[in-house]
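For reference, the structure is listed below as structure tokens.
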Number of protein chains: 2
Amino acid sequence: MSKQLSNVDRVYEALRQMAADFAFKPDQRINESELSKLLGASRTPLREALNRLVAEGFLTFQNNRGFFCRSLTPKYILDLYEARVAIECEALRLACRRAKDHEITALGDYLEQIEPDYESGSDPAEQLAMDEAFHLRLAQLSGNDELGRMLRNLNDRIRYIRLIDLKRLRDKTGKRVPGELSAHSRIFLALSGRDPAAAEAAMRGHIEKRREAATEAVQIAFSQLYVPQD
Amino acid sequence: MSKQLSNVDRVYEALRQMAADFAFKPDQRINESELSKLLGASRTPLREALNRLVAEGFLTFQNNRGFFCRSLTPKYILDLYEARVAIECEALRLACRRAKDHEITALGDYLEQIEPDYESGSDPAEQLAMDEAFHLRLAQLSGNDELGRMLRNLNDRIRYIRLIDLKRLRDKTGKRVPGELSAHSRIFLALSGRDPAAAEAAMRGHIEKRREAATEAVQIAFSQLYVPQD
DNA sequence: GTATTCTAAATTGTATACAATTCTGTATGC
DNA sequence: GCATACAGAATTGTATACAATTTAGAATAC
């Protein structure tokens with residue numbers, strides 16, 4: 001009847017958020033004592049949480065030197081985008097075979113529901129959250145829990161860069177994100193028609209297009225991380 | 001100049017092996033004190049290692065109840081096989097584009113080198129290790145570290161079942177594993193010819209065929225895990 | 001016999017202490 | 001100036017102690 005979440009879980013969630021947002025700068029060494037004070041827990045649960053994040057690829061670990069933030073390089077981000085292609089395309093193929101009609105209908109309703117917010121120049125972070133939610137629901141229609149789990153992990157590690165890319169896209173095109181929604185619609189229509197080849201092609205193109213802008217986004221990320229913003 | 005590996009690393013490797021081999025039975029609760037005595041370390045580093053394994057999907061964790069072995073169900077194993085298809089097919093597509101000629105040649109040499117051991121009825125565990133090594137090298141030709149990392153994780157979680165499947169296959173076909181080597185050859189030839197479609201088709205069929213036998217292998221796994229062997 | 005409550009034992013959760021190691025800055029030699 | 005050696009400070013690694021919680025079993029009621 002009391003708290004369901006353990007302290008380690010709380011610390012873990014906080015650290016995951018921090019790591020996703022690069023609150024730790026790339027390759028930065030993490031001071032355990034300092035961090036444990038900040039999070040209001042001793043080093044024991046803190047280190048347990050840090051170890052989880054190492055296994056998930058958010059941090060690295062060196063014996064007797066402690067924990068470090070993952071580095072941020074174009075190669076790393078390009079790899080993550082490619083891994084997304086692998087996971088999402090296969091999930092989509094499976095979804096074409098397995099998703100129930102009512103599940104597809106429900107996803108279509110969701111797409112329509114978020115359309116106004118997506119169109120209007122709402123908060124980029126919200127917009128990205130909606131995008132991730134759509135992609136995740138799509139992946140979940142495969143019925144494969146591992147693929148969903150992997151996608152969630154990839155999303156969390158790539159989010160910081162995707163957010164930069166999204167903002168840039170908006171600036172360049174004046175509050176409108178062109179082609180994005182129609183890309184989602186194209187994927188959805190292929191799924192509705194149970195056409196795996198068309199669905200996969202649409203998904204692949206959709207992700208690939210953003211991947212091509214990733215290197216540039218990484219450059220911007222560095223300038224944001226190391227230069228005072230305003 | 002002294003030990004490079006930390007105690008946590010040592011404990012982690014041991015636990016990972018145990019978890020892969022289902023030295024912990026599915027859903028079994030793990031007693032920390034007992035295990036720490038067994039591994040010759042205190043509960044602090046033990047729990048750090050256990051947390052890594054939770055993040056990797058080998059174990060689960062319930063607040064105030066501790067760590068448990070992952071459960072073993074046909075659905076779980078089928079999901080892992082599907083995830084392998086996702087990772088390996090995409091890696092292979094990328095390899096067709098990116099692998100250097102000399103890398104492909106080297107892989108071909110490796111394939112020829114292991115052929116005699118693979119053909120003869122050598123130790124099934126060794127045979128599986130060779131199979132995994134081939135698939136991993138293939139994936140690494142993609143140049144994508146994330147895909148390699150994901151495949152390694154999947155391999156470790158699925159190995160126990162694959163070993164059972166492989167033994168069964170040998171028993172049924174009298175020391176010969178038919179079609180296996182030629183499947184690898186077919187994949188390799190398509191890669192050599194830089195034909196992603198053919199390569200992916202061969203890979204997909206190769207994995208899918210074993211996936212179809214997975215449910216049966218899970219049944220056998222249970223009988224092995226809960227009945228004295230000899 | 002079954003269900004319920006209670007108590008003691010077992011187990012997990014986490015803070016802390018201290019050993020081992022690395023890091024930092026200063027002094028020394030060339 | 002530059003490299004090296006060294007000492008002290010800082011940091012990580014891990015055992016241990018004890019609190020919090022769950023579990024197991026006995027006693028009781030129906």
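If you're wondering where the values come from, they're calculated on a predicted model, not measured in any experiment. Proteins come first, then strands; the chains are lettered A, B, ... in the order of their sequence lines, and each starts at number 1.
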Compare side-chain N and O positions of A/N7 against OP1 and OP2 of C/dG13 and report whether any pair is under 4.0 Å apart.
no

[X] side chain to [Y] backbone, donor-acceptor under 3.5 Å:
{"X": "B/N153", "Y": "B/E56", "result": "yes"}
{"X": "A/R210", "Y": "A/Y81", "result": "no"}
{"X": "A/D165", "Y": "A/A217", "result": "no"}

For atom [atom1] of [X] and atom [atom2] of [N], their distance in whole Å:
{"X": "A/R47", "N": "D/dT14", "atom1": "CZ", "atom2": "P", "value": "7 Å"}
{"X": "B/E48", "N": "C/dT14", "atom1": "CD", "atom2": "C1'", "value": "13 Å"}
{"X": "B/L50", "N": "C/dT11", "atom1": "CG", "atom2": "P", "value": "15 Å"}
{"X": "A/R43", "N": "C/dC18", "atom1": "CZ", "atom2": "P", "value": "14 Å"}
{"X": "A/E32", "N": "C/dT16", "atom1": "CD", "atom2": "P", "value": "16 Å"}
{"X": "B/L46", "N": "D/dA15", "atom1": "CG", "atom2": "P", "value": "10 Å"}
{"X": "B/N64", "N": "D/dA19", "atom1": "CG", "atom2": "C1'", "value": "12 Å"}
{"X": "B/F68", "N": "C/dT11", "atom1": "CZ", "atom2": "C1'", "value": "11 Å"}

Regarding A/F61, tell me which of base, sugar-phosphate or nothing describes its non-hydrogen contacts under 4.0 Å with the strands shown.
sugar-phosphate

Contact class for A/I30 (heavy atom, under 4.0 Å): base, sugar-phosphate, or nothing?
sugar-phosphate

Between D/dA15, D/dT14, D/dG13, spot the one nearest the side chain of B/V8, thanks.
D/dT14

A/P26 and side chain to side chain contact (heavy atoms under 4.5 Å, CB included): which partner among A/Y76, A/F68, A/Y226?
A/Y226

Note: for B/R29 and B/S42 on DNA chain D, the residue whose nearest nucleotide lies more 5' is B/S42

Could you tell me whether B/E208 and B/R211 make a salt bridge, using a distance below 4.0 angstrom between a side-chain N and a carboxylate O?
yes

By nearest-heavy-atom nucleotide on DNA chain C, the more 5' of B/T44 and B/N31 is B/N31

Where does DNA chain D form stems of at least three consecutive Watson-Crick or G-U wobble pairs, each pair having both distances below 3.5 Å?
C:1-30 with D:1-30

Can you list, pair by pair, the side-chain donor-acceptor contacts under 3.5 Å of residues 100-111 of chain A, counting residues two or more places apart and other chains?
residue : atom : partner : partner atom : Å
A/D101  : OD1  : A/R194  : NH2          : 2.8
A/E103  : OE1  : A/K100  : N            : 2.8
A/T105  : OG1  : A/D101  : O            : 2.9

Residue pairs, two or more places apart or on separate chains, that pass ring pair (Phe, Tyr, Trp, His ring centres under 6.0 Å) and touch residues 31-61 of chain B
B/F61-B/F67

